[in-house]
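This is a predicted model, so every value here is computed, not measured.
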Amino acid sequence: MVYTRKNQSRLTSAEKRRFVNAVLELKRKGRYDEFVRTHVEHYVADGDDGLRVAHMTPSFLPWHRRFLLDFERALQRVDSSVTVPYWDWTADRTPGASIWGASLLGGNGRRSDRQVVTGPFAHTNGHWKIKVGATNGAFLMRDLGRPHDPIELPTKHELDWAMRDPVYDTAPWDSTSDEGYRNKLEGWTSGIGNSKWRNHNRVHRWVGGHMLGGASVNDPVFWLNHAFVDLLWDRWQARHPRSAPYLPAEPPRVGTGMGRGRVVARGEGMPPWDVKPEELFSHRGIYRYA
């Protein structure tokens, strides 16, 4: 049966409680930290050796679609009624938005050490200890809006800049691609300062704390951000029905210097599942967005 992912701002109190409880149960069982490790393992940058599948690459969107599905199915094994909500960061743009309420994700980190001290994922509540990451701290950190160097969430105008591009991705298929929907949505640019970050990347920067870097899954807001990104891929396909839903269609040719062995073509398997991007072009038989 097709289920529904809802905007977090429209969740009922009961839906928020069920989602939070299922996430906390995955954490208690150790399953949640496995998702953190998977993301860290597959966060391969342009300058690193090996295959890129999760970031700075065309498979950014299908890889995270499958990653989200795995997480959602894990939640549903705890509570079959739970789905992953999405956060429309072009609409809910402040630290006072409902997503940061005590009944959902909790609020900002305190000024002294950026430790989140409110809501269900505050370390002081005893249920959310950071075990995988670049820091030795056991508590979740956030720095919403980065007051010491202010940054704003993406606007509808900035998002539409990406959504207008009718081409899914372009060579060299990495963070330096000047054109193509994928990189514009993922948000890598050649700019400087805060202007360097667009859309998805800017959201990670705005939240700050553990949302910076490969261990960003430590903050449950990661899932709500990527559910919105997943929705946007669906909207982009609807907006450009004549465009290829994924590129490259074939592996880059040997000797071109354009990502041979670094990126996944539409019919090639993505680790850790060996699922192909073309198998994830549509989610309509599994879930829908409301």
Engineer: For N225 and W89, does a side-chain donor sit closer than 3.5 Å to a side-chain acceptor?
Structural biologist: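 N225 vs W89: donor-acceptor pair found between side chains.
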Engineer: Which atom names give the shortest non-hydrogen contact between P62 and L280, and what distance separates them?
Structural biologist: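 P62 and L280 have their closest heavy atoms at O-CD1, 3.4 Å.
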Engineer: Just by modelled atom types, is the W197 backbone N or O under 3.5 Å from a matching donor or acceptor in the R202 side chain?
Structural biologist: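 Pair found, side chain donor or acceptor close to backbone of W197.
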Engineer: Give a yes or no answer on whether the side chain of H204 reaches the backbone of L212 with a donor-acceptor pair at less than 3.5 Å.
Structural biologist: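 Absent.
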Engineer: Does the salt bridge (charged side-chain N to carboxylate O under 4.0 Å, His left out) test come out yes or no for D33 and R37, once each step is laid out?
Structural biologist: CA-CA 6 Å; D33 291 322; R37 292 186 186 96; 5.2 Å; no
Engineer: Decide whether V132 and F139 are clustered together by the hydrophobic rule: side chain heavy atoms of Ile, Leu, Val, Met, Phe, Trp, Tyr closer than 4.5 Å, transitively.
Structural biologist: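 No; tracing contacts between hydrophobic side chains, which count when under 4.5 Å, never links both residues.
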Engineer: Any donor-acceptor pair under 3.5 Å linking the side chain of R93 with the backbone of E152?
Structural biologist: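 Side chain of R93 to backbone of E152: no pair is present.
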Engineer: Would you say L153 ends up clustered with W161 if hydrophobic residues are merged whenever their side chains have heavy atoms under 4.5 Å apart, either directly or through other cluster members?
Structural biologist: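 As far as the 4.5 Å side-chain criterion goes, L153 and W161 are not connected within one cluster.
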Engineer: Return yes if some donor-acceptor pair links the side-chain N/O of T118 with the main-chain N/O of A102 below 3.5 Å, else return no.
Structural biologist: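 Such a contact is absent between T118 side chain and A102 backbone.
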Engineer: Counting only N and O atoms by type, is there a donor-acceptor contact under 3.5 Å from the side chain of H210 to the main-chain atoms of M141?
Structural biologist: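 Yes, the answer is positive, given that a donor and an acceptor are paired below the 3.5 Å cut-off.
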Engineer: When you measure from the side chain of R262 to the backbone N and O of G50, does any donor-acceptor pair fall under 3.5 Å?
Structural biologist: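 Pair found, side chain donor or acceptor close to backbone of G50.
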Engineer: Provide the closest heavy-atom pair for H127 versus P120 in the form atom of the first, atom of the second, distance.
Structural biologist: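 In this case the closest contact between H127 and P120 is CB-O, 4.5 Å.
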Engineer: Are any of the side-chain nitrogens in D160 or K156 under 4.0 Å away from the carboxylate oxygens of its partner?
Structural biologist: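 Salt bridge between D160 and K156, a charged N being under 4.0 Å from a carboxylate O: no.
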Engineer: Please find the pair of heavy atoms, one from S98 and one from S9, that lie closest to each other, and give the distance.
Structural biologist: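 The answer is OG-CA, 3.7 Å.
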Engineer: Are L24 and V117 connected, step by step, through hydrophobic side chains (Ile, Leu, Val, Met, Phe, Trp, Tyr) whose heavy atoms are closer than 4.5 Å?
Structural biologist: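 Unlinked, L24 and V117 end up in two clusters.
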Engineer: Would you check if the side chain of N194 reaches a backbone N or O of P150 as a donor-acceptor pair within less than 3.5 Å?
Structural biologist: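 Between the backbone of P150 and the side chain of N194 there is a qualifying donor-acceptor contact (under 3.5 Å).
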Engineer: If you take all heavy atoms of W236 and A244, which pair is closest and at what distance?
Structural biologist: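 That closest heavy-atom pairing would be CH2-O, 3.5 Å.
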Engineer: Taking the side chain from D143 and the backbone from G209, do they hold a donor-acceptor pair closer than 3.5 Å?
Structural biologist: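 Absent.
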Engineer: Do the two ring centres, one from H64 and one from H42, sit under 6.0 Å apart?
Structural biologist: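 No, they do not, as the ring centres are separated by 6.0 Å or more.
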Engineer: Does W128 have its ring centroid less than 6.0 Å away from the ring centroid of Y32?
Structural biologist: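 Yes - the distance between ring centres of W128 and Y32 falls below the 6.0 Å cut-off.
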Engineer: Measure across D48 and Y43 and return the closest heavy-atom pair with its distance rounded to 0.1 Å.
Structural biologist: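 Closest approach of D48 to Y43, heavy atoms only: OD2-O, 4.5 Å.
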Engineer: Just by distance, do the side chain of W63 and the backbone of P271 share a donor-acceptor pair under 3.5 Å?
Structural biologist: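 At least one qualifying donor-acceptor pair exists.
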Engineer: Around atom CD of E278, are there more than 12 heavy atoms of other residues, nucleotides or ligands at under 6.0 Å?
Structural biologist: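 For E278, atom CD is crowded (more than 12 foreign heavy atoms under 6.0 Å).
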Engineer: Do D92 and W100 pass the side chain to side chain contact (heavy atoms under 4.5 Å, CB included) test, and can you show the C-alpha distance, the side-chain angles, and the key distance before you say yes or no?
Structural biologist: CA-CA 10 Å; D92 298 310; W100 308 114; over 6 Å; no
Engineer: Ring-plane angle category for F60 and H55, please: parallel below 30°, perpendicular beyond 60°, tilted otherwise.
Structural biologist: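 Answer is tilted, since the angle falls between 30° and 60°.
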Engineer: For the CD atom of E25 and the CZ atom of R28, what is their distance to the nearest 0.5 Å?
Structural biologist: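 The CD atom of E25 sits 4.0 Å away from the CZ atom of R28.
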Engineer: Answer yes or no: are there more than 12 heavy-atom neighbours, outside R198 itself, under 6.0 Å from its atom CZ?
Structural biologist: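 Check passes, neighbour count above 12.
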Engineer: Would Q8 and L105 satisfy side chain to side chain contact (heavy atoms under 4.5 Å, CB included), going step by step from the backbone distance to the final call?
Structural biologist: CA-CA 10 Å; Q8 62 80 27; L105 297 186; over 6 Å; no
Engineer: To the nearest 0.5 Å, tell me how far H200 NE2 sits from L159 CG.
Structural biologist: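 Taking NE2 in H200 and CG in L159, the distance rounds to 13.0 Å.
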Engineer: With rounding to the nearest 0.5 Å, note down the distance linking OG in S216 to NE2 in H226.
Structural biologist: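 One gets 6.0 Å once the value is rounded to the nearest 0.5 Å.
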Engineer: Using a strict cut-off of less than 4.0 Å between a Lys/Arg side-chain nitrogen and an Asp/Glu carboxylate oxygen, indicate whether D234 and R65 qualify as a salt bridge.
Structural biologist: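 Salt bridge: no.
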Engineer: For the aromatic rings, using the six-membered ring if either is Trp, is the centroid distance between Y181 and H240 under 6.0 Å?
Structural biologist: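 Ring centroids of Y181 and H240 are no less than 6.0 Å from each other.
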Engineer: Sub-3.5 Å donor-acceptor pair from the side chain of D174 to the main-chain atoms of T176, do we have one?
Structural biologist: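 Side chain of D174 to backbone of T176, a donor-acceptor pair under 3.5 Å: yes, one is there.
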Engineer: Quick one: do L231 and Y246 end up in the same hydrophobic cluster if we chain Ile, Leu, Val, Met, Phe, Trp and Tyr together by side-chain heavy atoms under 4.5 Å apart?
Structural biologist: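 Yes, one cluster joins them.
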Engineer: Between T83 and T4, is a side chain to side chain contact (heavy atoms under 4.5 Å, CB included) present by the stated rule, with each step listed?
Structural biologist: CA-CA 7 Å; T83 62; T4 301; 5.9 Å; no
Engineer: Out of the candidates T170, D169, D165, only one should pair with R182 under the side chain to side chain donor-acceptor pair (under 3.5 Å) rule; please name it.
Structural biologist: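 Answer to the side chain to side chain donor-acceptor pair (under 3.5 Å) test with R182 among T170, D169, D165: D169.
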Engineer: Taking it one step at a time, do D88 and R10 satisfy salt bridge (charged side-chain N to carboxylate O under 4.0 Å, His left out)?
Structural biologist: CA-CA 11 Å; D88 180 352; R10 301 191 187 104; over 6 Å; no
Engineer: Could you measure the distance from the CD atom of E34 to the CG atom of L26? Nearest 0.5 Å is fine.
Structural biologist: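 It comes to 9.5 Å.
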Engineer: By the definition side-chain contact (heavy atoms from CB on, under 4.5 Å), identify the one residue from E72, R73, M1 that meets it with I286.
Structural biologist: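 Of E72, R73, M1, side-chain contact (heavy atoms from CB on, under 4.5 Å) with I286 is met by R73 alone.
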Engineer: Report the C-alpha distance between W273 and D70 in whole Å, list the side-chain angles of each, state the deciding distance to 0.1 Å, and finish with yes or no for side chain to side chain donor-acceptor pair (under 3.5 Å).
Structural biologist: CA-CA 10 Å; W273 315 279; D70 280 4; 2.7 Å; yes
Engineer: Is F19 linked to V78 within one hydrophobic cluster, defined over Ile, Leu, Val, Met, Phe, Trp and Tyr using a side-chain heavy-atom separation of less than 4.5 Å?
Structural biologist: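 Same hydrophobic cluster.
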Engineer: Rounded to the nearest 0.5 Å, how far apart are OG1 of T189 and NZ of K196?
Structural biologist: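 Going from the OG1 atom of T189 to the NZ atom of K196 covers 7.5 Å.
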Engineer: Please determine whether the number of non-hydrogen atoms from other residues, nucleotides or ligands lying under 6.0 Å from atom NZ of K276 exceeds 12.
Structural biologist: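 Incorrect, the count does not exceed 12.
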Engineer: Counting only heavy atoms not in H157 (residues, nucleotides, ligands), do more than 12 fall under 6.0 Å from its NE2?
Structural biologist: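 Not more than 12 within 6.0 Å, no.
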Engineer: Using only heavy-atom distances, determine whether the side chains of R5 and Y289 contain a donor-acceptor pair under 3.5 Å.
Structural biologist: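 Per modelled atom types, R5 and Y289 side chains form a pair under 3.5 Å.
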Engineer: Angle between ring planes, Y168 versus W233, binned at 30° and 60°: parallel, tilted or perpendicular?
Structural biologist: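 Tilted, since the angle between the ring planes falls between 30° and 60°.
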Engineer: Do the two ring centres, one from W223 and one from F35, sit under 6.0 Å apart?
Structural biologist: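 Yes - the distance between ring centres of W223 and F35 falls below the 6.0 Å cut-off.
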Engineer: Distance from L75 atom CG to R18 atom CZ, nearest 0.5 Å?
Structural biologist: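 Spacing of CG (L75) from CZ (R18) equals 13.0 Å.
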Engineer: Mark yes when over 12 heavy atoms from residues, nucleotides or ligands other than R114 sit less than 6.0 Å from its CZ; otherwise mark no.
Structural biologist: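 No, because the 6.0 Å sphere around CZ of R114 holds 12 heavy atoms or fewer from other groups.
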Engineer: Would you sort out whether Q76 and Y3 count as a side chain to side chain contact (heavy atoms under 4.5 Å, CB included), showing the intermediate values?
Structural biologist: CA-CA 11 Å; Q76 290 170 347; Y3 55 84; 3.7 Å; yes
